J.: 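Below is a structure I'd like to ask you about.
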Amino acid sequence: MEVELEEIRDFFARRPPFEALPAEWLDRLPEWVEIRYLRRGSPFPPEGGEPRLFVVRTGAVALFDRHGHLSEKLGEGDLYAGQCVDLAVERAGGGEAIEDVLLYEIPCQRIRWLRERSEAFGRHFTADLRERLKQALGLVQGSDEGALPYLWVALREVLHRPPVSVDTGASIQEAARRMTTERVSSVLVVHGGRLVGLVTDSDLRRRCVAEGVPVDRPVREIMTPEPHTIGPEATLMEALALMTRLRVHHLPVVEEDGRLLGMFSTSDVARMQSAHPAYLVSDIAKARDVAELAWICERLPRLQAQLVAASASARQVGEVISCITDALTVRLLALAEQALGPAPVEYVWVVGGSQSRREQSVHSDQDNALILADAYEASAHGAYFEALARRVSDGLQACGFPYCPGDAMATNPQWRQPLSVWRDYFRRWIETPEPKALMLSCIFFDLRPVHGTTALFEALQQDVLARSPGNSIFLAHMVANALTHRPPLGFFRHFVLIHDGEHDDTLDLKHRGTVPVVDMARIYALAHGLPVVGTVERLRAAAERGALSREMAENLEDAFEFIANLRLRHQAAQIRRGVPPDNYVRPAELSELERRHLKDAFAVIQTLQETLARRYQVHALT
Amino acid sequence: MLERLFGLERKRRRALDQCPQGPLRDYLAVAPPAPATELEAVEIVSLDLETTGLDPHRDHILSMGWVVVRGLRVRLGSAERHMLRIADPVPAEAAALHGITDDRAACGEALEVVLPRLLQVLAGRVLLAHYARLELRFLDAACRRCYGGPFLARSIDTLILAHRVLERRNHTIQTGDLRLFALSRRFGLPTYKAHDALYDALATAELFLALAADIAPRPPRPLKWFLAGGRA
């Protein structure tokens, strides 16, 4: 029986994606609708039944990410497709009705039926290539670019320095001096490595100065004995709750086996509330030796995972991690100069690869080089710069950035040369290109100065950007090089045949996904003399010059971001599981929709690769 | 309360014994849900009748609209709307109110066709209406006229429930506060422009969900907490 429910129909007819439906399907829509009432505070989506699409009719719903961080608010007419669209499930940490809600529900099966019949309607769920990628990005990242969900961070992540402690036998004055030199407001009192007490600034004031206790008395006389402690896995939230209850400002953090890990204080909350990575950078700048730097950097993998969990994009994460590595490099150079004395000639420390492009993730290999002033003489200055390079490179390794397997590091004498030699290198690479040499040297086309005399780098860069644009043989070789990494479109044909997770094939998201885009962006930069290094910046600058259509540049940017985000999330999941992160994704890890988006992204990359191959007549080289 | 509920069951059995073969007998043969049944497991038919007046013996049913609530979800797919054919001219007041003209009333369905359909839908279910007394009395009169037996049903009345909820919230209840439209608005529910039996049935169903959530947000919430009593 056909029953007219015009007001329900019109409610849908006014809203995307339903507005795209032809009248005949709109008329049928109401009969598939079920109406539910959710009282404020009820969980969302409501449990039970088949997967459904939800539309808020009246009231409001808040959605949270996995950390309980508000990610989206749904109001009247807003739609939640989380159960109908695979990709959205990932971010669905659930939600809650924040007002009384009248909810319309339509089974996903019906939505699928409509999608199959109405192209325009379906597009909302799988819009055209570009929109789909954009949408996928939105879904992968979540919609909120807000702050870190710092309240849910484990204390282990918050501790920013090793514990400052004195022995029970120490005098009050010794304790106070220690606090002054360490610039802390409290000191832990230990006996045989075990925590026995705590002394704070206010203890010194109230129990010592105010009471007239001589400062040579043992510190145990004024300490708070057996203070309350907290475990490292407790969240910041739990620590704050405990501190509020106990009315204390300091909580020693103690491992289960009694090992003292550090001190958590209310000032750490401020630290967490502000941009955490920024504090990390300032901690790095203050670190006194490699051991301390290594200790700080132990938190990097977790920081990256947190950033991902907090919906940061690959681009944002890349910038944060690169910024930290820059700070680390600068600090290591300063420490090296402290130990070795000032440099005998001017130099600039340059970085290549992902750090240079600001696309770094933790566990990226280090790529670096030294450009020395032409006043350099190997016999007189060689030992100094070798030692400098060694210290920095070893320091980076100690901090979790492994040596470059291709030996593209300043420790390699080949990459520790005066400017004139570097000019020769680039002249040779550009004017008489050899495929093999180019493959090894391509990271040097992404150089960025981090510390030292920037003018040395600028001179070199100007040279390169002046030489490369007109040199079509060089560019053709670069293109040929870039084409060695092809997106694995065949992978999907294979995959669709095998529906279970039985096969061991994995997908290398780096070499088959992001690297081809990085390579192509580099070619555009070299072909058009663009001084920028970041992949996205290069694509944008190329579009600006008209070297690349704006649409293509945007598609490629979206494809790059999508693959980079997938890779990042894959790595974040590995870090959470305690597995070393890699680039190999098993198809079973991907949702149906992610696979579709990935395929689109690969198709975009392939299209541009073919365009470049034609333009530079790469076939002529082989 | 209990006696009243069990009284309904006794009445139903007696009526069943005396009722001749036909739609009413078929309806009475199915026991309504027991008062202890969890509300979620109860199937409810939200019904609205539009009539030419308030006297079931003199006035006529102009139209009927209903929708089923199952698992505390309104199933719009079950919605039905029936315009009834009546011989007498529609009184001007009712015509203006319901937008039903003599022409339309004349080409509607016959009560003898719609009533069996409604009884079929109501069998084994609970009747829900705003001021259910009216629906119960009109259906009782119709059944007696058509089938020579009484209409008996468990019923839920949103007017009674709303009164209870507002009283509990210490609201002074004023004239008009308990009207369906006013209540829908008060509970933040959609208000429908069309004055029509089906939209009223739908609004009643939505109001009921809101009231039920207010009275008992989560199980246990046995049906008996919501019943208006079994009197026809």
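Numbered from 1 within each chain, the chains take letters A, B, ... in sequence-line order. Everything numeric here is computed off the predicted structure, so don't read it as measured data.
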J.: Could you tell me the separation between the OH atom of B:Tyr192 and the CD1 atom of A:Ile8, rounded to the nearest 0.5 Å?
T.: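 Reported to 0.5 Å precision, the distance equals 4.0 Å.
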J.: Taking side chain as everything from C-beta outward and backbone as N, CA, C, O, which of these in A:Glu99 sits under 4.5 Å from a heavy atom of chain B? Side chain, backbone, both or neither.
T.: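 Neither; nothing under 4.5 Å.
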J.: Name the region of A:Arg57, side chain, backbone, both or neither, that has any atom closer than 4.5 Å to a heavy atom of chain B.
T.: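 The answer is the side chain of A:Arg57.
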J.: Quick check on B:Arg179: does its CZ atom have over 12 non-hydrogen neighbours (other residues, nucleotides or ligands) under 6.0 Å away?
T.: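 12 or below, so no.
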J.: What part of A:Phe11 gets within 4.5 angstrom of chain B, counting heavy atoms only: side chain, backbone, both, or neither?
T.: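 For A:Phe11, there is no contact with chain B at all, as no heavy atom is under 4.5 Å.
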J.: Closest heavy-atom contact between B:Arg81 and A:Glu4?
T.: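 Heavy atoms of B:Arg81 and A:Glu4 come nearest at NH1-O, 2.8 Å.
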J.: What's the shortest heavy-atom distance between A:Tyr37 and B:Phe187, and which atoms?
T.: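 Reported closest heavy-atom pair: OH-O, 4.4 Å.
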J.: Is atom CZ of A:Arg40 surrounded by more than 12 heavy atoms (other residues, nucleotides or ligands) closer than 6.0 Å?
T.: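 12 or below, so no.
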J.: Within a strict 4.5 Å, meaning less than it, do heavy atoms of the B:Asp214 and A:Arg39 side chains meet?
T.: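 Side chain of B:Asp214 against side chain of A:Arg39, heavy atoms only: contact under 4.5 Å found.
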J.: Between B:Pro217, B:Ala210, B:Gly188, which shows the greatest number of heavy-atom pairs under 4.5 Å with chain A?
T.: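 The answer is B:Ala210.
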J.: More than 12 heavy atoms of other residues, nucleotides or ligands under 6.0 Å from CD of B:Glu167: is that the case?
T.: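 Count over threshold, so yes.
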J.: Quick check on B:Arg218: does its CZ atom have over 12 non-hydrogen neighbours (other residues, nucleotides or ligands) under 6.0 Å away?
T.: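 At most 12 heavy atoms, drawn from other residues, nucleotides or ligands, come within 6.0 Å of this atom.
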J.: I'd like to know which of B:Leu76, B:Val69, B:Leu202 tops the heavy-atom pair count under 4.5 Å against chain A.
T.: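 Counting heavy-atom pairs under 4.5 Å, the top option is B:Leu76.
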J.: Roughly how far, to the nearest 0.5 Å, is the CG atom of B:Leu72 from the CG atom of A:Leu38?
T.: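 If I round to the nearest 0.5 Å, the distance is 11.0 Å.
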J.: Please state whether the side chain, the backbone, both or neither of A:Leu5 comes within less than 4.5 Å of a heavy atom of chain B.
T.: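 When you check distances to chain B, atoms from both the backbone and side chain of A:Leu5 fall under 4.5 Å.
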J.: Within this structure, what is the CG-CD distance for the pair B:Leu198 and A:Glu6, rounded to the nearest 0.5 Å?
T.: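 Between B:Leu198 CG and A:Glu6 CD, I get 12.5 Å after rounding to 0.5 Å.
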